[in-house]
Amino acid sequence: ETGVTQSPTHLIKTRGQQVTLRCSSQSGHNTVSWYQQALGQGPQFIFQYYREEENGRGNFPPRFSGLQFPNYSSELNVNALELDDSALYLCASSLDVLSGDTQYFGPGTRLTVL
Amino acid sequence: AQTVTQSQPEMSVQEAETVTLSCTYDTSESDYYLFWYKQPPSRQMILVIRQEAYKQQNATENRFSVNFQKAAKSFSLKISDSQLGDAAMYFCASRDYGQNFVFGPGTRLSVLP
């Protein structure tokens with residue numbers, strides 16, 4: 001059974017650019033959530049996808065968008081990057097959104113915006 | 001809305017000793033889940049222990065145990081026989097049924113040899 005994987009590991013972008021981060025869920029998991037973790041803080045919920053549909057969203061602007069594919073892999077897209085977008089982006093998969101089951105996290109993508 | 005508070009930004013413990021990390025939460029739900037996650041410098045969040053609110057028995061996982069006080073909305077983590085590998089950021093998190101995780105700000109645990 002493979003765990004949650006994310007790519008790339010690190011990324012450097014400049015203000016105003018667009019970025020796409022990728023996540024591959026743990027085998028058998030149909031729910032994926034994305035989090036932003038600023039340095040020294042706890043993760044903040046961005047949004048969740050369940051069976052390819054957005055299932056909830058945190059307090060993030062529309063320039064943060066996502067996709068979930070039929071194989072349950074996922075993307076996080078951020079447009080018009082701002083300096084404050086610099087953070088560790090974590091994705092987490094769980095077996096089923098309705099079960100309250102544990103989320104399993106990937107290693108994260110460190111995004112730096114210059 | 002759920003909130004999670006961790007009042008100890010940093011804690012330290014001597015190797016082989018016991019340490020307790022505090023967490024309080026607030027939720028309007030009667031059915032919810034509580035978690036402790038560990039984030040070592042490698043940054044991957046690792047599940048330490050999970051507690052279902054409807055279960056009165058405190059969860060245990062080897063050297064890790066919780067003290068779950070539902071009425072007080074308190075969920076502390078006890079680490080026994082601390083090891084150098086336990087050094088990490090520890091995050092308390094809550095999840096209402098069918099909803100998403102809310103994390104606390106974390107406690108940085110140092111283990112002294």
Side-chain angles (χ1 to χ4, degrees), chain A residues 2-10 23-24 26 29-51 53-60 66 87-112, chain B residues 1-10 21-25 27 29-55 59 61 64 66 75 88-109:
Chain A
T2 56
V4 180
T5 60
Q6 291 186 244
S7 63
T9 305
H10 295 90
C23 172
S24 179
Q26 188 161 317
H29 288 189
N30 60 24
T31 302
V32 65
S33 299
W34 284 90
Y35 295 85
Q36 180 194 67
Q37 187 179 18
L39 198 62
Q41 298 182 21
Q44 298 293 315
F45 172 68
I46 302 175
F47 46 57
Q48 181 183 79
Y49 278 80
Y50 170 61
R51 294 186 175 180
E53 298 282 336
E54 187 177 292
N55 186 55
R57 189 177 183 92
N59 189 26
F60 280 81
L88 180 67
Y89 288 85
L90 299 168
C91 81
S93 72
S94 55
L95 188 60
D96 191 298
V97 69
L98 300 178
S99 70
D101 200 4
T102 304
Q103 290 189 342
Y104 295 89
F105 284 82
T109 293
R110 172 75 64 192
L111 173 65
T112 301
Chain B
Q2 305 171 73
T3 59
V4 177
T5 302
Q6 293 177 253
S7 60
Q8 305 155 316
E10 295 185 4
L21 308 184
S22 301
C23 172
T24 57
Y25 62 93
T27 177
E29 300 294 324
S30 58
D31 193 11
Y32 52 91
Y33 302 83
L34 297 167
F35 304 82
W36 279 97
Y37 278 90
K38 167 185 176 181
Q39 189 176 41
S42 66
R43 79 194 187 198
Q44 183 147 13
M45 298 278 271
I46 302 166
L47 176 67
V48 174
I49 202 164
R50 174 180 185 264
Q51 174 82 42
E52 296 165 17
Y54 66 86
K55 290 186 177 179
E61 194 72 40
F64 300 88
V66 298
F75 183 61
M89 284 292 290
Y90 285 80
F91 292 97
C92 178
S94 73
R95 184 181 189 187
D96 289 350
Y97 187 80
Q99 300 301 316
N100 299 296
F101 278 58
V102 173
F103 285 83
T107 296
R108 181 175 301 280
L109 178 66

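Below, chain A is the first sequence line, B the second, and so on; all start at residue 1.
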Considering all heavy atoms of both residues, which atom of A:P43 and which atom of B:M45 are nearest to each other, and what is their separation? CG-CE, 3.8 Å
Sub-4.5 Å side-chain heavy-atom contact between A:S33 and B:F101: no
List the atom of A:G42, the atom of B:F91, and the distance in Å for their closest heavy-atom pair. CA-CE2, 3.3 Å
Rounded to the nearest 0.5 Å, how far apart are CZ of B:R50 and CD of A:Q103? 11.0 Å
Is A:Q37 close to chain B through its backbone or its side chain, or both, or neither, when contacts mean heavy atoms under 4.5 Å? side chain
Looking only at heavy atoms, what is the nearest atom pair of B:Q39 and A:L88, with distance? NE2-CD2, 3.9 Å
